[in-house]
Amino acid sequence: MKYYDSNCIFCKIAHGEIKAYKIYEDDHVIAFLDTNPKSMGHALVIPKKHYDNFLNVDKAIMHRVYDVAQKIGQADMVALGAVGINVLTNCYEPAGQTVMHFHVHVIPRYINNERHQIDMKNDIDDKNLPAIVTKIQQYIK
Ligand code: 5GP
Ligand code: ZN
């Protein structure tokens, strides 16, 4: 497992080689504002070590990252007057991941910015829920 990828922009931010608007840092985790914010205060929480995404990050590190995401979300509600928060992570390009270093988005939501909501409204026609349950359960380790 490589913990620093010299081609990775978030590794460079974690090591102070590229500037970022940092809002939190400890031994393992750093959080900073997204340069293309989806809302005021949109933050990214990352491990300092390089892992490609949520699906292959070390579990203890993942827990630390989500712990910080929760702290930031709680702060956003008070400090920025957010009325809701989206916490999300994208895994691989088909899901919208553009930076291949595990990161969690913390996106504060405000009154009257409905147009920025993530689209969770549309569902699929063929749901087939029992068959899907059986398939997934076979592979949960
Ligand atoms: P993804 O699409 O991979 O889930 O999210 C990557 C995020 O990183 C995007 O929202 C993008 O705006 C942000 N981003 C990309 N490059 C930089 C950078 O150099 N600095 C900061 N602060 N954010 C970045
Ligand atoms: Zn990296």
Side-chain angles (χ1 to χ4, degrees), residues 1-111 113-141:
M1 171 63 71
K2 66 180 169 189
Y3 290 126
Y4 179 88
D5 181 337
S6 55
N7 295 315
C8 172
I9 196 142
F10 286 0
C11 282
K12 291 193 166 116
I13 287 175
H15 287 77
E17 292 158 19
I18 288 182
K19 188 182 158 41
Y21 288 95
K22 220 184 285 179
I23 51 182
Y24 176 91
E25 181 167 15
D26 63 31
D27 289 349
H28 297 280
V29 178
I30 172 167
F32 49 91
L33 294 180
D34 194 305
T35 41
N36 287 300
K38 305 294 172 282
S39 72
M40 181 195 28
H42 179 177
L44 301 170
V45 188
I46 69 168
K48 288 185 172 177
K49 289 181 179 172
H50 181 96
Y51 298 92
D52 287 348
N53 61 43
F54 170 74
L55 295 177
N56 47 41
V57 65
D58 172 86
K59 257 195 211 315
I61 297 285
M62 175 190 72
H63 292 155
R64 283 173 170 270
V65 167
Y66 275 98
D67 183 54
V68 173
Q70 186 191 47
K71 286 183 201 298
I72 292 171
Q74 289 166 342
D76 289 344
M77 297 293 282
V78 182
L80 303 178
V83 293
I85 307 278
N86 289 111
V87 177
L88 68 97
T89 188
N90 300 322
C91 302
Y92 300 115
E93 288 95 340
Q97 187 180 7
T98 58
V99 178
M100 298 299 147
H101 179 129
F102 172 50
H103 54 280
V104 173
H105 295 260
V106 179
I107 308 175
R109 298 300 184 181
Y110 304 95
I111 293 167
N113 77 347
E114 291 86 354
R115 67 200 165 85
H116 297 302
Q117 301 302 312
I118 292 154
D119 183 6
M120 297 285 279
K121 293 189 190 74
N122 298 326
D123 54 19
I124 56 174
D125 294 333
D126 181 12
K127 298 189 181 65
N128 204 1
L129 304 189
I132 308 284
V133 167
T134 307
K135 270 190 188 172
I136 296 172
Q137 278 183 338
Q138 286 179 63
Y139 288 92
I140 293 181
K141 291 179 190 153

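Both backbone and side-chain heavy atoms feed into the values below; hydrogens, waters and symmetry mates do not. Keep in mind the model is a prediction, meaning the values are calculated, not measured.
Taking CE from Met100 and SG from Cys8, the interatomic distance works out to 10.0 Å, rounded to the nearest 0.5 Å. Rounded to the nearest 0.5 Å, atoms CG (Leu44) and CG (Asp34) are 4.5 Å apart. Interatomic distance, NZ of Lys38 versus CG of Asn86, reported as 12.0 Å (0.5 Å rounding). Atoms OH and NE2, on Tyr51 and His101 in that order, are 9.5 Å from each other to the nearest 0.5 Å. The structure places CG of Leu129 at 11.0 Å from OG1 of Thr134, a figure rounded to the nearest 0.5 Å. For the atom pair Met40 CE and Arg109 CZ, the distance stands at 12.0 Å (nearest 0.5 Å).
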| query | Under the side chain to side chain contact (heavy atoms under 4.5 Å, CB included) criterion, do Ile46 and Val29 qualify, and how do the steps go? | reply | CA-CA 6 Å; Ile46 69 168; Val29 178; over 6 Å; no

| field | Test side chain to side chain contact (heavy atoms under 4.5 Å, CB included) applied to Tyr92 and Leu55, step by step | value | CA-CA 9 Å; Tyr92 300 115; Leu55 295 177; 3.7 Å; yes

| field | Test log, rule side chain to side chain contact (heavy atoms under 4.5 Å, CB included), inputs Val57 and Asn53 | value | CA-CA 6 Å; Val57 65; Asn53 61 43; over 6 Å; no

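For Glu17, the side-chain contact (heavy atoms from CB on, under 4.5 Å) partners are Tyr4, Lys12, His15, not counting sequence neighbours. Not counting sequence neighbours, the partners of Asn90 by the side-chain contact (heavy atoms from CB on, under 4.5 Å) test are Leu88, Gln97, His105. Applying the side chain to side chain donor-acceptor pair (under 3.5 Å) rule to Asp5 yields the partners Lys2; only residues at least two apart in sequence or on another chain are considered. In this view, Phe32 and Phe10 satisfy the ring pair (Phe, Tyr, Trp, His ring centres under 6.0 Å) rule, not counting sequence neighbours.
Annotation for Gly41 and Leu33: closest pair O-CD2, 3.7 Å, computed over non-hydrogen atoms. Residues Ile13 and Ala20 share a closest heavy-atom pair of CG2-CB, 3.6 Å.
Formation of a donor-acceptor pair under 3.5 Å by the Ser39 side chain with backbone atoms of Ile107 is not found in this model.
Residue pairs satisfying the side-chain hydrogen bond (donor to acceptor under 3.5 Å, both in side chains) criterion with at least one member in residues 20-31, sequence neighbours excluded, are listed as follows: Lys22-Glu25, Tyr24-Asp26, Glu25-Lys48.
A heavy-atom distance below 4.5 Å is found between the side chains of Val104 and Val87.
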What donor-acceptor contacts under 3.5 angstrom involve side-chain atoms of residues 65-84, with partners at least two apart or in another chain?
none

